[in-house]
Amino acid sequence: MSDTASTAATATATATATASSTTTEASPITKTTVVGRWADEPDDVVEEPEATSTSSATDGIVLDSLAIDESKKVNNFLDDPEDANIQAVTSGETPYTSAVRFEDLNLSPELLKGLYVEMKFERPSKIQSISLPMILTPPFKNLIAQAHNGSGKTTCFVLGMLSRVDPKLGVPQALCICPTRELAIQNMEVLLKMGKFTGITSELGLPADKANYMPISKRAPITAQVIIGTPGTINKWIAAKKLGTSQLKILVFDEADHMLAEGGFKEDSVRIMKEIVRWSPKCQVLLFSATFNENVKAFVSKIVKDLFKQEYNQLFVKKEELSLDSVKQYKVNLPDELSKILVIKDKIMELGQKVGQTIIFVKTRKSAGMLHDALSGYGYEVTTIQGALTQEDRDKIVKEFKDGLTQVLISTDVLARGFDQAQVNLVVNYDLPIRHDHQSEPDHEVYLHRIGRAGRFGRKGAVFNLLCGERDNMIMEKIERHFNHYVTEVTSWTDDEQFEDALKKAGLM
DNA sequence: AAAAAAT
(Lines give C-alpha, C1' and ligand atoms only; values in the text may rest on other atoms or scores of the structure.)
Protein backbone atom coordinates (compact mmCIF):
# COMPACT_ATOMS: atom_id res chain seq x y z
CA MET A 1 0.00 0.00 0.00
CA SER A 2 2.56 2.48 1.11
CA ASP A 3 4.73 1.75 -1.85
CA THR A 4 3.27 3.81 -4.59
CA ALA A 5 3.06 7.27 -3.27
CA SER A 6 6.71 7.59 -2.50
CA THR A 7 7.63 10.06 -5.18
CA ALA A 8 4.48 12.01 -5.08
CA ALA A 9 3.91 15.16 -3.21
CA THR A 10 2.07 14.52 -0.05
CA ALA A 11 -0.95 16.56 0.65
CA THR A 12 -3.61 13.99 1.19
CA ALA A 13 -7.21 14.35 0.38
CA THR A 14 -9.93 11.79 0.37
CA ALA A 15 -12.32 10.87 -2.30
CA THR A 16 -15.75 10.61 -0.90
CA ALA A 17 -16.30 6.91 -0.94
CA THR A 18 -19.97 7.17 -0.42
CA ALA A 19 -21.36 8.18 -3.73
CA SER A 20 -23.79 10.98 -3.43
CA SER A 21 -25.15 10.67 -6.90
CA THR A 22 -28.63 9.50 -6.16
CA THR A 23 -30.32 11.94 -8.41
CA THR A 24 -31.12 9.95 -11.48
CA GLU A 25 -32.26 6.80 -9.82
CA ALA A 26 -35.52 6.63 -11.64
CA SER A 27 -33.98 6.65 -15.06
CA PRO A 28 -30.64 4.94 -15.08
CA ILE A 29 -29.04 5.10 -18.45
CA THR A 30 -29.79 1.72 -19.84
CA LYS A 31 -30.07 2.44 -23.51
CA THR A 32 -27.72 0.50 -25.67
CA THR A 33 -27.51 3.52 -27.87
CA VAL A 34 -25.29 5.50 -25.57
CA VAL A 35 -22.53 6.86 -27.67
CA GLY A 36 -19.31 8.34 -26.55
CA ARG A 37 -20.64 9.41 -23.26
CA TRP A 38 -19.97 7.90 -19.91
CA ALA A 39 -23.29 6.43 -19.00
CA ASP A 40 -21.84 5.79 -15.64
CA GLU A 41 -22.20 3.49 -12.81
CA PRO A 42 -25.58 3.55 -11.29
CA ASP A 43 -25.86 4.82 -7.83
CA ASP A 44 -24.75 2.53 -5.21
CA VAL A 45 -26.64 -0.04 -3.36
CA VAL A 46 -26.33 0.13 0.34
CA GLU A 47 -24.30 -2.97 0.85
CA GLU A 48 -21.21 -2.96 2.97
CA PRO A 49 -22.24 -1.93 6.46
CA GLU A 50 -19.03 -0.77 7.99
CA ALA A 51 -16.33 -1.60 5.56
CA THR A 52 -16.10 1.92 4.28
CA SER A 53 -14.73 4.06 6.97
CA THR A 54 -12.00 4.76 4.48
CA SER A 55 -8.66 5.37 6.00
CA SER A 56 -7.65 8.41 4.10
CA ALA A 57 -4.12 8.19 5.25
CA THR A 58 -3.38 4.99 3.44
CA ASP A 59 -5.25 5.85 0.34
CA GLY A 60 -3.10 8.83 -0.32
CA ILE A 61 -4.88 10.77 -2.91
CA VAL A 62 -2.59 13.56 -3.54
CA LEU A 63 -3.94 16.54 -5.21
CA ASP A 64 -1.44 19.09 -4.35
CA SER A 65 -1.83 21.27 -7.33
CA LEU A 66 -5.41 20.34 -7.71
CA ALA A 67 -6.24 21.48 -4.26
CA ILE A 68 -5.10 24.93 -5.19
CA ASP A 69 -7.19 24.91 -8.28
CA GLU A 70 -10.11 23.69 -6.35
CA SER A 71 -10.24 26.87 -4.37
CA LYS A 72 -10.55 28.69 -7.64
CA LYS A 73 -13.16 26.19 -8.67
CA VAL A 74 -11.13 25.50 -11.73
CA ASN A 75 -11.17 21.76 -11.60
CA ASN A 76 -13.81 19.37 -10.58
CA PHE A 77 -11.70 16.41 -9.71
CA LEU A 78 -13.04 16.34 -6.23
CA ASP A 79 -16.37 18.05 -6.54
CA ASP A 80 -17.76 15.81 -9.17
CA PRO A 81 -19.32 12.79 -7.49
CA GLU A 82 -18.83 10.94 -10.72
CA ASP A 83 -15.13 11.11 -10.22
CA ALA A 84 -15.12 10.17 -6.60
CA ASN A 85 -13.82 6.68 -7.12
CA ILE A 86 -10.80 7.49 -9.18
CA GLN A 87 -7.89 8.50 -7.01
CA ALA A 88 -5.39 10.83 -8.53
CA VAL A 89 -1.81 11.11 -7.39
CA THR A 90 0.00 13.88 -9.15
CA SER A 91 3.61 14.80 -8.82
CA GLY A 92 5.24 18.14 -9.20
CA GLU A 93 3.72 21.51 -9.77
CA THR A 94 1.75 21.07 -12.95
CA PRO A 95 -1.89 21.93 -12.35
CA TYR A 96 -4.50 19.97 -14.22
CA THR A 97 -8.06 20.82 -15.00
CA SER A 98 -10.33 18.01 -16.01
CA ALA A 99 -11.71 18.39 -19.49
CA VAL A 100 -15.42 18.94 -19.71
CA ARG A 101 -15.41 18.93 -23.48
CA PHE A 102 -12.90 17.69 -26.03
CA GLU A 103 -12.43 21.33 -27.06
CA ASP A 104 -10.73 21.91 -23.73
CA LEU A 105 -7.79 19.80 -24.81
CA ASN A 106 -6.21 21.92 -27.54
CA LEU A 107 -6.59 19.14 -30.04
CA SER A 108 -6.11 19.75 -33.74
CA PRO A 109 -9.27 20.37 -35.76
CA GLU A 110 -8.60 17.12 -37.61
CA LEU A 111 -8.57 15.17 -34.39
CA LEU A 112 -11.71 16.84 -33.10
CA LYS A 113 -13.41 15.97 -36.32
CA GLY A 114 -12.35 12.36 -35.89
CA LEU A 115 -13.80 12.28 -32.40
CA TYR A 116 -17.13 13.82 -33.31
CA VAL A 117 -17.70 12.63 -36.85
CA GLU A 118 -16.03 9.24 -36.96
CA MET A 119 -16.24 8.11 -33.35
CA LYS A 120 -19.50 9.93 -32.75
CA PHE A 121 -18.34 10.96 -29.30
CA GLU A 122 -20.05 13.79 -27.53
CA ARG A 123 -18.11 14.37 -24.36
CA PRO A 124 -15.11 12.89 -22.62
CA SER A 125 -15.85 9.97 -20.30
CA LYS A 126 -14.69 10.15 -16.73
CA ILE A 127 -11.28 8.63 -17.25
CA GLN A 128 -10.84 10.66 -20.40
CA SER A 129 -11.64 13.96 -18.77
CA ILE A 130 -9.17 13.28 -15.99
CA SER A 131 -6.33 11.56 -17.81
CA LEU A 132 -6.22 13.49 -21.07
CA PRO A 133 -5.11 16.77 -19.49
CA MET A 134 -2.41 14.82 -17.67
CA ILE A 135 -1.30 13.21 -20.91
CA LEU A 136 -1.44 16.30 -23.09
CA THR A 137 -0.19 19.08 -20.83
CA PRO A 138 3.52 19.88 -21.06
CA PRO A 139 5.79 18.83 -19.56
CA PHE A 140 4.58 15.49 -20.75
CA LYS A 141 4.69 13.35 -17.67
CA ASN A 142 4.46 9.62 -17.45
CA LEU A 143 1.16 8.20 -16.31
CA ILE A 144 0.03 5.03 -14.62
CA ALA A 145 -3.71 4.94 -15.05
CA GLN A 146 -6.32 2.54 -13.79
CA ALA A 147 -9.97 2.82 -14.76
CA HIS A 148 -12.99 0.58 -14.98
CA ASN A 149 -13.59 -1.89 -17.76
CA GLY A 150 -15.37 -0.35 -20.69
CA SER A 151 -14.88 3.19 -19.49
CA GLY A 152 -12.94 4.42 -22.48
CA LYS A 153 -9.25 3.91 -21.75
CA THR A 154 -8.36 3.19 -25.36
CA THR A 155 -9.44 6.65 -26.41
CA CYS A 156 -7.11 8.12 -23.81
CA PHE A 157 -3.94 6.61 -25.13
CA VAL A 158 -4.91 6.67 -28.81
CA LEU A 159 -5.65 10.36 -28.52
CA GLY A 160 -2.38 10.75 -26.65
CA MET A 161 -0.45 9.10 -29.43
CA LEU A 162 -2.20 10.98 -32.22
CA SER A 163 -1.69 14.35 -30.65
CA ARG A 164 1.96 13.85 -29.84
CA VAL A 165 2.93 12.84 -33.37
CA ASP A 166 4.46 15.43 -35.67
CA PRO A 167 2.75 14.73 -39.02
CA LYS A 168 5.65 16.16 -40.96
CA LEU A 169 8.16 13.69 -39.52
CA GLY A 170 8.14 10.38 -41.34
CA VAL A 171 9.55 8.16 -38.60
CA PRO A 172 8.11 6.16 -35.69
CA GLN A 173 7.04 8.54 -32.94
CA ALA A 174 4.47 6.57 -30.99
CA LEU A 175 4.51 2.93 -29.95
CA CYS A 176 1.77 0.87 -28.31
CA ILE A 177 2.36 -2.62 -26.93
CA CYS A 178 -0.53 -5.04 -26.36
CA PRO A 179 -0.76 -8.56 -24.92
CA THR A 180 -2.63 -10.17 -27.79
CA ARG A 181 -2.92 -9.96 -31.51
CA GLU A 182 -6.66 -9.28 -31.25
CA LEU A 183 -6.17 -6.32 -28.97
CA ALA A 184 -3.49 -4.80 -31.18
CA ILE A 185 -5.80 -5.04 -34.16
CA GLN A 186 -8.70 -3.57 -32.23
CA ASN A 187 -6.60 -0.66 -31.00
CA MET A 188 -5.40 -0.05 -34.54
CA GLU A 189 -8.97 0.12 -35.72
CA VAL A 190 -9.68 2.81 -33.15
CA LEU A 191 -6.55 4.69 -34.14
CA LEU A 192 -7.45 4.63 -37.83
CA LYS A 193 -10.94 5.83 -37.14
CA MET A 194 -10.01 8.55 -34.71
CA GLY A 195 -7.07 9.69 -36.77
CA LYS A 196 -8.84 9.49 -40.10
CA PHE A 197 -8.48 13.19 -40.90
CA THR A 198 -4.97 13.64 -39.54
CA GLY A 199 -3.01 11.90 -42.26
CA ILE A 200 -0.92 10.20 -39.60
CA THR A 201 0.53 6.89 -40.75
CA SER A 202 0.47 3.68 -38.75
CA GLU A 203 1.47 0.03 -38.88
CA LEU A 204 0.70 -3.14 -36.96
CA GLY A 205 3.65 -4.97 -35.45
CA LEU A 206 2.38 -8.53 -35.42
CA PRO A 207 4.03 -11.80 -36.39
CA ALA A 208 3.38 -12.61 -40.03
CA ASP A 209 1.87 -15.96 -40.84
CA LYS A 210 3.75 -18.39 -43.01
CA ALA A 211 2.19 -17.22 -46.24
CA ASN A 212 3.40 -13.66 -45.79
CA TYR A 213 6.62 -14.45 -44.03
CA MET A 214 9.54 -12.28 -44.95
CA PRO A 215 12.94 -12.51 -43.29
CA ILE A 216 13.42 -9.51 -41.07
CA SER A 217 16.64 -8.59 -42.82
CA LYS A 218 14.78 -8.04 -46.07
CA ARG A 219 12.24 -5.72 -44.54
CA ALA A 220 12.49 -2.03 -45.19
CA PRO A 221 12.85 0.14 -42.10
CA ILE A 222 9.54 1.18 -40.58
CA THR A 223 8.52 4.69 -41.50
CA ALA A 224 5.00 4.67 -40.04
CA GLN A 225 4.47 7.27 -37.34
CA VAL A 226 2.45 5.11 -34.97
CA ILE A 227 3.18 1.42 -34.35
CA ILE A 228 0.86 -0.90 -32.47
CA GLY A 229 1.93 -4.46 -31.83
CA THR A 230 2.73 -7.39 -29.60
CA PRO A 231 5.96 -7.54 -27.57
CA GLY A 232 7.81 -10.28 -29.43
CA THR A 233 7.52 -8.70 -32.83
CA ILE A 234 8.27 -5.21 -31.58
CA ASN A 235 11.41 -6.45 -29.85
CA LYS A 236 12.43 -8.27 -32.96
CA TRP A 237 12.00 -5.16 -35.08
CA ILE A 238 13.94 -3.05 -32.64
CA ALA A 239 16.75 -5.58 -32.36
CA ALA A 240 17.01 -5.77 -36.14
CA LYS A 241 17.19 -1.97 -36.30
CA LYS A 242 14.09 -1.86 -38.45
CA LEU A 243 12.17 0.12 -35.89
CA GLY A 244 14.03 3.25 -34.91
CA THR A 245 13.49 4.40 -31.35
CA SER A 246 15.35 7.69 -31.39
CA GLN A 247 12.34 9.85 -32.25
CA LEU A 248 9.78 8.17 -30.02
CA LYS A 249 7.71 10.66 -28.09
CA ILE A 250 5.21 8.37 -26.49
CA LEU A 251 5.20 4.72 -25.41
CA VAL A 252 1.98 3.00 -24.36
CA PHE A 253 1.42 -0.29 -22.61
CA ASP A 254 -2.15 -1.45 -22.87
CA GLU A 255 -3.16 -3.94 -20.14
CA ALA A 256 -0.02 -2.71 -18.47
CA ASP A 257 -0.34 -4.79 -15.32
CA HIS A 258 -0.23 -7.93 -17.39
CA MET A 259 2.48 -6.58 -19.64
CA LEU A 260 4.70 -6.08 -16.63
CA ALA A 261 3.66 -9.08 -14.55
CA GLU A 262 5.83 -11.98 -13.58
CA GLY A 263 4.77 -14.81 -15.82
CA GLY A 264 3.30 -12.26 -18.17
CA PHE A 265 5.38 -10.21 -20.53
CA LYS A 266 7.64 -8.63 -17.98
CA GLU A 267 10.97 -9.42 -19.62
CA ASP A 268 9.85 -8.39 -23.09
CA SER A 269 8.30 -5.19 -21.83
CA VAL A 270 11.27 -4.18 -19.73
CA ARG A 271 13.55 -4.82 -22.66
CA ILE A 272 11.48 -2.53 -24.86
CA MET A 273 11.45 0.16 -22.18
CA LYS A 274 15.21 -0.01 -21.69
CA GLU A 275 15.90 0.21 -25.38
CA ILE A 276 13.63 3.21 -25.74
CA VAL A 277 14.87 5.09 -22.73
CA ARG A 278 18.37 4.65 -24.08
CA TRP A 279 17.63 6.45 -27.34
CA SER A 280 14.70 8.61 -26.28
CA PRO A 281 15.20 9.38 -22.60
CA LYS A 282 12.38 11.92 -22.64
CA CYS A 283 9.84 9.56 -24.13
CA GLN A 284 6.52 9.75 -22.30
CA VAL A 285 5.24 6.44 -20.94
CA LEU A 286 1.58 5.62 -20.43
CA LEU A 287 0.50 2.50 -18.58
CA PHE A 288 -3.18 1.67 -18.75
CA SER A 289 -5.24 -1.15 -17.27
CA ALA A 290 -8.44 -1.85 -15.36
CA THR A 291 -6.43 -3.82 -12.82
CA PHE A 292 -3.21 -3.26 -10.92
CA ASN A 293 -2.78 -5.59 -7.98
CA GLU A 294 -0.55 -4.38 -5.18
CA ASN A 295 2.45 -6.37 -6.36
CA VAL A 296 2.33 -5.15 -9.91
CA LYS A 297 1.52 -1.64 -8.81
CA ALA A 298 4.69 -1.54 -6.77
CA PHE A 299 6.79 -2.94 -9.57
CA VAL A 300 5.26 -0.72 -12.22
CA SER A 301 5.83 2.42 -10.20
CA LYS A 302 9.37 1.40 -9.47
CA ILE A 303 10.30 0.68 -13.05
CA VAL A 304 8.81 3.93 -14.31
CA LYS A 305 10.65 5.83 -11.64
CA ASP A 306 13.99 4.04 -11.97
CA LEU A 307 14.14 3.76 -15.70
CA PHE A 308 12.71 7.03 -16.87
CA LYS A 309 13.80 9.14 -13.92
CA GLN A 310 10.93 11.52 -14.42
CA GLU A 311 7.92 12.61 -12.51
CA TYR A 312 4.84 10.55 -13.08
CA ASN A 313 1.14 10.80 -12.31
CA GLN A 314 -1.14 8.03 -11.17
CA LEU A 315 -4.82 7.25 -11.28
CA PHE A 316 -6.15 4.37 -9.25
CA VAL A 317 -9.42 2.72 -8.34
CA LYS A 318 -9.92 0.72 -5.16
CA LYS A 319 -10.57 -2.92 -5.88
CA GLU A 320 -13.83 -2.78 -3.94
CA GLU A 321 -15.08 -0.17 -6.38
CA LEU A 322 -13.96 -1.91 -9.51
CA SER A 323 -16.91 -4.20 -10.17
CA LEU A 324 -19.32 -2.66 -12.62
CA ASP A 325 -22.67 -2.13 -10.99
CA SER A 326 -24.35 -2.34 -14.36
CA VAL A 327 -23.21 -5.94 -14.75
CA LYS A 328 -25.12 -8.36 -12.54
CA GLN A 329 -23.16 -11.39 -11.38
CA TYR A 330 -24.67 -14.81 -10.69
CA LYS A 331 -23.43 -18.21 -9.60
CA VAL A 332 -24.99 -21.56 -10.36
CA ASN A 333 -24.12 -24.72 -8.47
CA LEU A 334 -24.05 -27.84 -10.58
CA PRO A 335 -23.79 -31.49 -9.57
CA ASP A 336 -21.13 -32.47 -12.10
CA GLU A 337 -19.13 -31.34 -15.10
CA LEU A 338 -21.64 -32.72 -17.55
CA SER A 339 -24.38 -30.51 -16.20
CA LYS A 340 -22.24 -27.50 -17.06
CA ILE A 341 -22.72 -28.40 -20.67
CA LEU A 342 -26.41 -29.05 -20.12
CA VAL A 343 -27.00 -25.74 -18.43
CA ILE A 344 -25.34 -23.97 -21.31
CA LYS A 345 -27.37 -25.95 -23.80
CA ASP A 346 -30.73 -25.60 -22.07
CA LYS A 347 -30.50 -22.18 -20.50
CA ILE A 348 -27.70 -20.05 -21.86
CA MET A 349 -28.11 -20.85 -25.53
CA GLU A 350 -31.83 -20.23 -25.45
CA LEU A 351 -31.89 -17.15 -23.25
CA GLY A 352 -28.57 -15.67 -24.19
CA GLN A 353 -29.49 -15.21 -27.82
CA LYS A 354 -32.53 -13.20 -26.82
CA VAL A 355 -30.50 -10.61 -24.97
CA GLY A 356 -27.55 -10.12 -27.27
CA GLN A 357 -24.22 -11.80 -27.79
CA THR A 358 -22.58 -14.19 -25.36
CA ILE A 359 -18.98 -15.09 -24.56
CA ILE A 360 -18.26 -18.35 -22.73
CA PHE A 361 -14.84 -18.42 -21.08
CA VAL A 362 -13.01 -21.69 -20.53
CA LYS A 363 -9.70 -22.51 -18.94
CA THR A 364 -7.93 -24.47 -21.64
CA ARG A 365 -7.79 -24.77 -25.38
CA LYS A 366 -8.80 -28.37 -25.01
CA SER A 367 -11.94 -27.69 -23.01
CA ALA A 368 -12.81 -25.00 -25.52
CA GLY A 369 -12.79 -27.64 -28.22
CA MET A 370 -14.77 -30.11 -26.13
CA LEU A 371 -17.47 -27.63 -25.29
CA HIS A 372 -17.59 -26.52 -28.89
CA ASP A 373 -18.10 -30.08 -30.12
CA ALA A 374 -20.71 -30.82 -27.51
CA LEU A 375 -22.79 -27.75 -28.35
CA SER A 376 -22.40 -28.30 -32.08
CA GLY A 377 -23.50 -31.87 -31.52
CA TYR A 378 -26.69 -30.57 -30.02
CA GLY A 379 -27.24 -28.53 -33.14
CA TYR A 380 -26.24 -25.13 -31.84
CA GLU A 381 -24.15 -22.69 -33.76
CA VAL A 382 -21.11 -21.56 -31.83
CA THR A 383 -17.63 -20.43 -32.74
CA THR A 384 -14.47 -20.84 -30.73
CA ILE A 385 -11.30 -18.84 -30.48
CA GLN A 386 -8.01 -19.77 -28.83
CA GLY A 387 -4.36 -19.05 -29.42
CA ALA A 388 -3.50 -22.28 -31.20
CA LEU A 389 -5.67 -21.46 -34.17
CA THR A 390 -4.06 -19.99 -37.25
CA GLN A 391 -3.91 -16.24 -37.32
CA GLU A 392 -6.23 -16.27 -40.26
CA ASP A 393 -8.84 -18.26 -38.36
CA ARG A 394 -8.54 -16.05 -35.32
CA ASP A 395 -9.08 -12.93 -37.36
CA LYS A 396 -12.03 -14.48 -39.14
CA ILE A 397 -13.78 -15.62 -35.97
CA VAL A 398 -13.33 -12.27 -34.28
CA LYS A 399 -14.57 -10.46 -37.35
CA GLU A 400 -17.66 -12.64 -37.65
CA PHE A 401 -18.46 -12.05 -34.01
CA LYS A 402 -17.90 -8.32 -34.25
CA ASP A 403 -20.04 -8.17 -37.36
CA GLY A 404 -22.81 -9.89 -35.44
CA LEU A 405 -22.80 -12.93 -37.70
CA THR A 406 -22.27 -15.22 -34.72
CA GLN A 407 -24.04 -14.96 -31.39
CA VAL A 408 -22.13 -17.24 -29.04
CA LEU A 409 -18.36 -17.30 -28.81
CA ILE A 410 -16.34 -19.76 -26.75
CA SER A 411 -12.98 -18.34 -25.77
CA THR A 412 -9.92 -19.00 -23.69
CA ASP A 413 -8.42 -16.05 -21.86
CA VAL A 414 -7.07 -14.78 -25.16
CA LEU A 415 -10.08 -12.48 -25.23
CA ALA A 416 -10.35 -11.97 -21.47
CA ARG A 417 -8.76 -8.54 -21.67
CA GLY A 418 -9.71 -5.54 -23.70
CA PHE A 419 -11.98 -7.16 -26.23
CA ASP A 420 -14.64 -4.57 -26.99
CA GLN A 421 -17.95 -5.61 -28.43
CA ALA A 422 -20.91 -3.54 -27.28
CA GLN A 423 -23.46 -6.24 -28.02
CA VAL A 424 -21.99 -8.69 -25.52
CA ASN A 425 -24.52 -8.70 -22.71
CA LEU A 426 -23.82 -12.09 -21.27
CA VAL A 427 -20.58 -13.63 -20.04
CA VAL A 428 -20.37 -17.20 -18.82
CA ASN A 429 -17.49 -18.52 -16.77
CA TYR A 430 -17.54 -22.18 -17.70
CA ASP A 431 -14.43 -22.44 -15.54
CA LEU A 432 -13.54 -19.91 -12.89
CA PRO A 433 -10.21 -18.22 -13.50
CA ILE A 434 -7.61 -19.62 -11.13
CA ARG A 435 -4.01 -18.80 -10.45
CA HIS A 436 -1.67 -21.27 -11.98
CA ASP A 437 0.87 -21.07 -9.23
CA HIS A 438 -1.76 -21.69 -6.53
CA GLN A 439 -4.56 -23.76 -7.97
CA SER A 440 -6.80 -23.10 -5.00
CA GLU A 441 -6.58 -19.34 -5.46
CA PRO A 442 -8.69 -17.33 -7.87
CA ASP A 443 -7.13 -15.04 -10.43
CA HIS A 444 -8.98 -11.92 -9.39
CA GLU A 445 -7.67 -9.80 -12.21
CA VAL A 446 -8.66 -12.22 -14.93
CA TYR A 447 -12.10 -12.58 -13.34
CA LEU A 448 -12.63 -8.84 -13.47
CA HIS A 449 -11.43 -8.59 -17.05
CA ARG A 450 -13.63 -11.45 -18.19
CA ILE A 451 -16.80 -10.05 -16.69
CA GLY A 452 -15.85 -6.67 -18.08
CA ARG A 453 -16.51 -8.00 -21.59
CA ALA A 454 -20.15 -7.35 -20.78
CA GLY A 455 -21.46 -3.93 -19.85
CA ARG A 456 -19.27 -1.89 -22.13
CA PHE A 457 -19.58 1.82 -21.59
CA GLY A 458 -22.25 1.66 -18.93
CA ARG A 459 -24.48 -0.87 -20.65
CA LYS A 460 -26.32 -3.58 -18.79
CA GLY A 461 -24.92 -7.06 -18.58
CA ALA A 462 -25.05 -10.38 -16.75
CA VAL A 463 -22.52 -13.01 -15.75
CA PHE A 464 -23.14 -16.65 -14.92
CA ASN A 465 -20.43 -18.42 -12.99
CA LEU A 466 -20.80 -22.19 -13.29
CA LEU A 467 -19.65 -23.87 -10.10
CA CYS A 468 -19.07 -27.53 -9.50
CA GLY A 469 -17.90 -28.80 -6.15
CA GLU A 470 -16.53 -27.39 -2.94
CA ARG A 471 -13.40 -25.99 -4.51
CA ASP A 472 -15.29 -23.86 -7.00
CA ASN A 473 -17.46 -22.52 -4.21
CA MET A 474 -14.42 -21.59 -2.19
CA ILE A 475 -12.86 -19.79 -5.11
CA MET A 476 -16.09 -17.95 -5.84
CA GLU A 477 -16.30 -16.90 -2.22
CA LYS A 478 -12.78 -15.54 -2.33
CA ILE A 479 -13.62 -13.53 -5.40
CA GLU A 480 -16.70 -12.10 -3.73
CA ARG A 481 -14.70 -11.13 -0.68
CA HIS A 482 -11.87 -9.65 -2.68
CA PHE A 483 -14.10 -7.24 -4.56
CA ASN A 484 -16.52 -6.91 -1.66
CA HIS A 485 -19.25 -7.70 -4.11
CA TYR A 486 -21.95 -10.26 -3.47
CA VAL A 487 -22.73 -12.69 -6.26
CA THR A 488 -26.36 -13.83 -6.35
CA GLU A 489 -27.05 -17.53 -6.45
CA VAL A 490 -29.34 -19.13 -8.97
CA THR A 491 -30.54 -21.89 -6.69
CA SER A 492 -31.96 -24.33 -9.18
CA TRP A 493 -30.02 -24.97 -12.33
CA THR A 494 -32.95 -26.74 -13.96
CA ASP A 495 -35.47 -23.98 -13.47
CA ASP A 496 -35.98 -21.86 -16.59
CA GLU A 497 -37.74 -19.21 -14.64
CA GLN A 498 -34.79 -18.54 -12.39
CA PHE A 499 -32.56 -17.82 -15.33
CA GLU A 500 -35.11 -15.63 -16.96
CA ASP A 501 -35.57 -13.83 -13.70
CA ALA A 502 -31.86 -13.32 -13.39
CA LEU A 503 -31.71 -11.68 -16.79
CA LYS A 504 -34.69 -9.53 -15.96
CA LYS A 505 -33.05 -8.36 -12.77
CA ALA A 506 -29.96 -7.57 -14.78
CA GLY A 507 -32.13 -5.32 -16.92
CA LEU A 508 -31.69 -7.41 -20.04
CA MET A 509 -35.26 -8.62 -20.58
C1' DA B 1 -3.10 -30.26 -15.64
C1' DA B 2 -1.69 -23.01 -18.27
C1' DA B 3 -3.35 -18.31 -21.88
C1' DA B 4 -0.52 -15.82 -24.79
C1' DA B 5 3.76 -14.25 -27.89
C1' DA B 6 7.52 -15.94 -30.49
C1' DT B 7 11.71 -18.48 -31.46
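Hydrogens, waters and symmetry mates play no part in the numbers below; they use all other heavy atoms, side chains included. Each chain gets a letter, A, B and so on, in the order its sequence line appears, and its residues count up from 1.
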- Note on the structure: Across all chains, not counting sequence neighbours, the salt bridge (charged side-chain N to carboxylate O under 4.0 Å, His left out) partners of A:Glu477 are A:Arg481
- Item | Partner residues of A:Glu267 under the salt bridge (charged side-chain N to carboxylate O under 4.0 Å, His left out) criterion, sequence neighbours left out | none
- Message: Students often get this wrong, so: under 4.0 angstrom with heavy atoms, is A:Lys366 touching a base, only sugar-phosphate, or nothing?
- Response: nothing
- Item | Any donor-acceptor N or O pair under 3.5 Å, side chains A:Gln310, A:Lys305 | no
- Task: Go through the side-chain N and O atoms of A:Gln329 and A:Tyr447 and say whether any donor and acceptor fall under 3.5 Å apart.
- Result: yes
- Query: Which part of the nucleic acid, if any, lies within contact of A:Gln439, taking any heavy atom under 4.0 Å across all strands shown: a base, the sugar-phosphate backbone alone, or nothing?
  - Reply: nothing
- At a 4.0 Å cut-off to heavy atoms of chain A, the contacted part of DNA chain B spans B:dA2 to B:dT7
- Query: What orientation do A:His482 and A:His444 show, parallel under 30°, tilted 30 to 60°, or perpendicular over 60°?
  - Reply: parallel
- Which residues, if any, of residues 256-273 of chain A bring a heavy atom under 4.0 Å of DNA chain B? A:His258, A:Gly263, A:Phe265
- Within the structure shown, what part of the strands sits under 4.0 Å from A:Pro231 by heavy-atom distance: base, sugar-phosphate, or nothing? nothing
- Message: My understanding is that only residues two or more places apart in sequence, or in another chain, count here; which of them pass ring-ring contact (aromatic ring centres under 6.0 Å, His included) with A:Phe308?
- Response: none
- Item | Check ion pair A:Lys340-A:Asp431 (N to O, under 4.0 angstrom) | yes
- Query: Any side-chain hydrogen bond (donor to acceptor under 3.5 Å, both in side chains) pairs touching residues 243-257 of chain A, not counting sequence neighbours?
  - Reply: A:Gln173-A:Lys249, A:Asn187-A:Asp254, A:Glu255-A:Arg417, A:Asp257-A:Ser289, A:Asp257-A:Thr291, A:Asp257-A:Arg417
- Which is true for A:Arg394 with a 4.0 Å heavy-atom rule: it touches a base, it touches only sugar-phosphate, or it touches nothing? sugar-phosphate
